[in-house]
Amino acid sequence: MLRNRVEKPEDLNPAETREWLESLDQVIDEGGPDRARYLLERLAHRAASMGVAAALSPTTPYLNTIPPEEEVPYPGDRAIERRIKSLVRWNAVAMVVRANKYDDGIGGHISTFASSATLVEVGMNHFFRAKIDDQPGDLVYFQGHASPGMYSRAFLEGRISEDHLKNFRHELREHPGLSSYPHPWLMPDFWQFPTVSMGLGPINSIYQARFMRYLENRGLLKKTDRKVWAFLGDGETDEPESLGALRIASGESLDNLIFVINCNLQRLDGPVRGNSNVIQELEGVFRGAGWNVIKLIWGSEWDRLLANDKSGLLIRRMHECVDGEYQNYKARGGAYVRQEFFGKYPELLELVAGMTDDELARLPRGGHDPVKVYNAYKRAFEHTGQPTVVLAKTVKGYGMGEAGEGRNTTHQQKKMNEQELLKLKQRFDIPIPDETVTTVSFYRPADNSPEIQYMKDRRKALGGYLPSRRPAKIRMLVPELDQFAESLHGSQGRPVSTTMALVAILKTLLKNKELGKNVVPVIPDEGRTFGMESLFRQISIYAPHGQLYKPVDSEQFLYYKEARDGQILEEGITEAGSMASFSAAGTAHANYGLPMIPFFIYYSMFGFQRVGDQIWAHGDSRGRGFMVGATAGRTTLNGEGLQHEDGHSHVHASTVPNCISYDPAYAYELAVIVQDGLRRMYGEGEDVFYYLTVCNENYPQPSIPDGDEVREGILRGIYRVAATENGPAKVQLWGSASMLNEALRAQKLLWEKFQIPADVWSVTSYNELRREALDCERWNRLHPDQAPRKPFIQQRMEATQGPIVAASDYLKVLADQLSPWLQGRLTALGTDGFGRSDSRSYLRRFFEVDAESITTAALAQLARWGQFDPQRARQAYYDLGIDPEKKNPRLS
Ligand SMILES: Cc1ncc(C[n+]2csc(CCOP(=O)(O)OP(=O)(O)O)c2C)c(N)n1
Ligand SMILES: [Mg+2]
C-alpha cells in the first residue's frame, strides 16, 4: 500500500466509542493535556502487554498541531510586515529574472523562496537573534537555493547595494557580486553555513546544536537560550544525511535545535511524495526518533471551515488526498478545488457554497499564514527537553500563478514575462510603481520609510543582522617546537608507529595550559584501534547526561569514563556525524568567538571518499583543525583488504584548495607539521585546515637531524634523510611514510648488490610541492619579462643526479604530479588498484612498491639512460625474486 496512513477499521460499536471519547474529553477538560497524554501512554502500555500491537499510530490527524484556541495573537504589525515581505519577494524575483534576462542561463531560483518567504520573515522579525554583546546569537541554516530571498532582505536592510543585486551570480566582474548560494569562502562577512549541498545543512545543524551544548557543559560558553534553526526542503529529507542523525538530537535532549521543513510538496522534477503524504511521513519519522513535532498545515481560513463542518467529512477528505492531488489544487485554481476536493461529498460542497472560486483558490496553507507560523515558532522556542521540527505546508512558486505556482517545472523557472510580473505585483500588493515592474528594477523605499524603519528596528531589537559571519581574530600562543621533545628525540630503537606518535603529540597538547582545553578529539569508534583508550579516563568522553551506569571496566585504572564535561567527542560509527562535529569545532571561532582545535581521528579509508562533500563544505566554511586519517596506506594497513586499505585519500585531499595534506614518515616530522599547523591556524589565523595520514606500522623513530633545512623541507614537502656514503649518488629514491623504510632498504640493496649509490628523501607532501611549483609557474607565465622563479622541488633536485624513483602507498598520480619539474627523471611507484588482505611484504610486492621493486625500477631506469646493462637489469628481477611477467595489480 502506497499511502502511509493506517486505514481505519470499521466501528463495530459506535456508542461505546463515543463513551470513550467523551471520557477523554473530560480528562482533557479537567486534567489538561499532560494528564491525557499520561493516561494514553498507560493505556498503550497496557494494550501492548495484552498483545494489542501498535495500538498508537506514529502519526496524528492531518491537522495543525496547535488548535486555534491555543494560539496567541501576532505581536507585530501585520500590515507593515506584509508590505516588507512583498518587497523582499519582489527584489528576490527581480534579481533572478534580471540575471537571466541579461545573461541567459545564469540560473537562480524563484519558486523556493516564494514558498518560504513567510517562514523566513516571521523568523527575521520575531525570533532569530544575532550576536548581542559578547553573547553569540542564534545560528540559522538557511535553505541554500533560497539565497535570493536573503540577499533581497539584506538589500532592503541597507547591508548590500543595488550593485550587488545586479551582480547576483556575477562574482567576477568589476562591481561587487553575489555568490549563487551560501558560501562563507566567497562572502566571509555574510554567510555562515554552506547549505546548498542537500543534506549537509540538516546534519551539520544537529551537530552544531550538540557542539553548542558541549561548549556550555564544559564551561567554555555561557548557557543561554540561543537556538540553532535549520531550514530544510521536503525533497532534501530524502538525503540520508538529513534524517540519519535525528537520534543524536533527541538522545541528547537538544531543545536548542529547531528544524523548519518547508513542505511545498515538490522537489526539482516533481512531487516529493505524489502518491502519499510527505508531512505525515515526516511526522512519523521525527516522532519515532523522539522529536517534538509541530504540524503547520492549514492557514487560518480553514479554521472556520473545520469548525463549521459537523459531518467530520472535511478531515476525512483532508486525509484522503495524496500530495499529488494537493499540488493540483494549487496549480489548477478554485473551480477545480471546488469540484475535486470539496465536490467529493455534497456536505462539503454545501460547506463552501458561500465562497467564490477565487476564495477557494486562496485558502492558505499553514506556512503562508504569519499567525500560524508565529505560534509554531513560539511553541518550538519554548519547548524543553526535545528538539522540535516544524512541518510547514506551503506552495512551491507561491504567487507565481501560471508562471509556476505548483507546476512541476517551477523549480527551474528563472524567467517571468511582464504580464506575469504584473500579476505578481497585484497578488501581493507589492508597493512598487508599475514602471519598476516593467523594467524589472529593484526597489527600496527611502531609509526613513515606515517599512525600512520597521525592519531595522526589529533587527536591532533582535541584536543585529542575519546572516552575518563575524569570526574572532585568532592569535593564540601556540607551543614552540621544543615542547614536543618526546617526538623530536626519537624512540631509542623502540618500534613506534606514527599513530602512536600522533597520540603522544595530542597528549602534549592536552596538557598545554594555553590551549589544552580548546583541543577537541573527535573519534568515530576507533579510539582503541589507534591506542587512544588512555584518553577516555584522562579527559573523559562527553556525555551530556553524565555516566548513568557503572562501567564494566570500572575496576581498571583506564576505564571507559563518560562525563558531562568530558572533552572527547566519541561519536560512534558515523564519519558523517564526526565530520559535522569537526566542522562545528573548526568554525567555533566564527560562531562562538572560541578558537577550538579539533582533531578528527578516523580510519583513513572512510574519510575523503566517504564524507568528501562535508570536507569540501568545511573548506568553504573556512574551518580549521586537523583531520587525521589513521591506519592509512594501502599496503601499510595489512590484512584488512579491499574496502579498508586507503591508497587515494591524498589524491582527494589535493582537490580541496585550503586543505594542507601531509604523509609523514617520522614522529619528528609530525611534530614539526602539527606545531606549524597550530601556528598558521591559531597563531596567525589562516583559513586552512590539515589532513595528516598516520600509519600503524611500528619501526624505530629517529631523532630530528640538525639544521633549519630539515624543518623547512618537512613543511614544504621534501628533504634528504640519507645521503649516500658511497660516492656521488647515481639514483634518487623518494619515500613517504612507511615507504620511506622501503626506500632506505632499496638504498642498501642497490649498493650491496649492484654498487649503485643512492640518496634517500622523505617526501612529506607531494600536494604542497605541486601547489608551490604551480604558483611559481603561474607567476613566471604572467611575468615573462622577469627572472623566473624556481619551484622548491627544482631547487632541491637540480644539484642531484640520476633517475628518481618515488614510492608511495598511494596512487602513482600522487608523485606524478611533480613530473613537469623533473625533466623526465621520475618513475612513480604506487598502489593503483583494489587492496588485498595479506601481510605488508606480500602487499608491497603485489603493488610493486617494496624495496626490491624500487631497486629494480631504479636499475631499469639506469638501463634506459644507458648507465646500466639492460640484461643485468632484467636479471635483477629474477635475482630479487620478482616475476617481470606478474599480473598488473591495477585490475587483477
Ligand atoms: C546533494 C545535492 N543534490 C542535488 C542538488 C540539486 N538540487 C538543488 S535544489 C533541488 C530540489 C530541492 O527540493 P526541496 O528540498 O524540496 O526544496 P524546495 O526547493 O522545494 O524548497 C535539487 C535536486 C543539490 N543542491 N544537492
Ligand atoms: Mg520542496
Side-chain angles (χ1 to χ4, degrees), residues 89 92-93 96 106-121 123 141-150 169 179-183 191 193-205 229-244 259-274 276-282 285 296-297 322-324 326-327 330-331 365-368 373 389-400 404-414 576 579-580 610-617 620:
R89 282 183 191 283
V93 168
V96 179
I106 198 80
H109 300 81
I110 300 175
S111 63
T112 297
F113 181 68
S115 67
S116 65
T118 304
L119 298 175
V120 174
E121 280 299 303
Y141 289 69
F142 293 104
Q143 236 183 313
H145 58 289
S147 60
M150 313 305 122
R169 292 186 173 232
S179 69
S180 49
Y181 301 120
H183 295 302
W191 293 115
F193 307 112
T195 45
V196 82
S197 176
M198 312 258 114
L200 300 196
I203 191 168
N204 282 342
S205 62
W229 294 79
F231 285 90
L232 284 64
D234 47 359
E236 182 174 12
T237 60
D238 282 343
E239 291 285 2
E241 290 87 349
S242 298
L243 303 182
F259 270 15
V260 180
I261 307 190
N262 176 15
C263 296
N264 55 26
L265 314 186
Q266 291 178 241
R267 43 178 165 72
L268 192 153
D269 281 342
V272 178
R273 292 288 182 276
S276 61
N277 187 306
V278 73
I279 291 184
Q280 294 299 89
E281 179 184 315
L282 290 173
V285 170
L296 173 53
I297 304 173
V322 290
D323 285 354
Y326 278 115
Q327 190 186 341
K330 285 301 167 189
R365 291 185 177 165
H368 295 298
V373 174
V389 60
V390 175
L391 300 172
K393 188 167 177 174
T394 61
V395 183
K396 191 143 177 170
Y398 186 59
M400 287 167 73
E405 188 156 346
R407 311 286 152 118
N408 275 339
T409 49
T410 193
H411 185 85
Q412 285 170 311
Q413 182 80 33
K414 294 160 200 336
M579 191 59 215
R610 177 126 194 170
V611 292
D613 197 21
Q614 285 176 286
I615 298 171
W616 185 254
D620 187 350

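Counting begins at 1 with the first residue of the sequence. Order of listing sets the numbers, starting from 1, for every ligand and every atom in it.
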Check your understanding: Is a side-chain donor or acceptor of S111 paired with a backbone partner of K396 at a separation under 3.5 angstrom?
Key -> no
Revision key, fill the gap. Looking only at protein heavy atoms, what sits closest to atom 22 (C) of ligand 1 is L268 CD1, 4.0 Å
Practice item. Measure the shortest side-chain to side-chain distance between P202 and T195 over non-hydrogen atoms and say whether it is less than 4.5 angstrom. Key: no
Practice item. Using 2.8 Å as the cut-off, note every protein N, O or S atom close to the Mg ion (ligand 2). Key: D234 OD1, N264 OD1, Q266 O
Check your understanding: Which atoms of ligand 1 have any heavy atom of N262 under 4.0 Å away?
Key -> 21 (O)
Practice item. Can you pull out the closest protein heavy atom to atom 20 (O) of ligand 1? Residue, atom name and distance to 0.1 Å, please. Key: K396 NZ, 2.7 Å
**Study point:** Shortest protein contact, atom 1 (C) of ligand 1 (heavy atom only)
**Key:** E239 OE2, 3.3 Å
Review point. Do L391 and I261 have side chains that get closer than 4.5 Å, going by heavy atoms?
Key: yes
**Study point:** Non-hydrogen side-chain atoms of N204 and Y141 separated by less than 4.5 Å
**Key:** yes
Review point. From T112 OG1 over to H145 NE2, what is the distance, rounded to the nearest 0.5 angstrom?
Key: 3.0 Å
Check your understanding: Would you say S115 and ligand 1 have an N/O pair spaced under 3.5 Å apart?
Key -> no
**Study point:** Exercise: identify the closest heavy-atom pair between A392 and G367
**Key:** CB-CA, 4.2 Å
Check your understanding: Do Q614 and L200 come close enough that some side-chain heavy atom pair is under 4.5 Å?
Key -> yes
Point to revise | Which residues share a ring pair (Phe, Tyr, Trp, His ring centres under 6.0 Å) with Y398, sequence neighbours left out | key: H368, F428
Check your understanding: Would you call K393 and D234 a salt bridge, using N to O less than 4.0 angstrom?
Key -> no
Check your understanding: Which residue owns the protein heavy atom closest to atom 15 (O) of ligand 1, what's the atom, and how far is it?
Key -> E236 N, 2.9 Å
Check your understanding: Is a side-chain N or O of D323 found less than 3.5 angstrom from the main chain of V272, in a donor-acceptor match?
Key -> no
Practice item. Keeping the roles fixed (side chain from R407, backbone from A331), state whether a donor-acceptor pair exists under 3.5 Å. Key: yes
Practice item. With rounding to the nearest 0.5 Å, note down the distance linking OG in S116 to CZ in F142. Key: 10.0 Å
Check your understanding: Near N264, which atoms of ligand 1 are under 4.0 Å from a heavy atom of that residue?
Key -> 18 (P), 20 (O), 21 (O)
Exercise for review: Write out the residue and atom name of the closest protein heavy atom to atom 11 (C) of ligand 1, then the distance separating them to 0.1 Å.
Suggested key: H411 CE1, 3.6 Å
Point to revise | Any non-hydrogen protein atom less than 4.0 Å away from atom 24 (C) of ligand 1 | key: yes
Review point. If you count the atoms of ligand 1 from 1 in the order shown, which ones are under 4.0 Å from a heavy atom of S197?
Key: 1 (C), 26 (N)
Practice item. Pull out every atom of ligand 1 sitting under 4.0 Å from any heavy atom of R267, numbered as shown with elements. Key: 13 (O), 16 (O)
Point to revise | Any side-chain donor near an acceptor of the partner, E236 and N262, under 3.5 Å | key: no
Study note, to complete from the structure: Of all protein heavy atoms, the one nearest atom 21 (O) of ligand 1 is Q143 NE2, 2.8 Å
Check your understanding: If you measure every N/O of V196 against every N/O of ligand 1, is any gap under 3.5 Å?
Key -> yes
Review point. Any idea which protein heavy atom is nearest atom 2 (C) of ligand 1, and the distance to it?
Key: M198 CG, 3.5 Å
Point to revise | Selection from S116, S242, G235 by shortest heavy-atom distance to atom 14 (P) of ligand 1 | key: G235
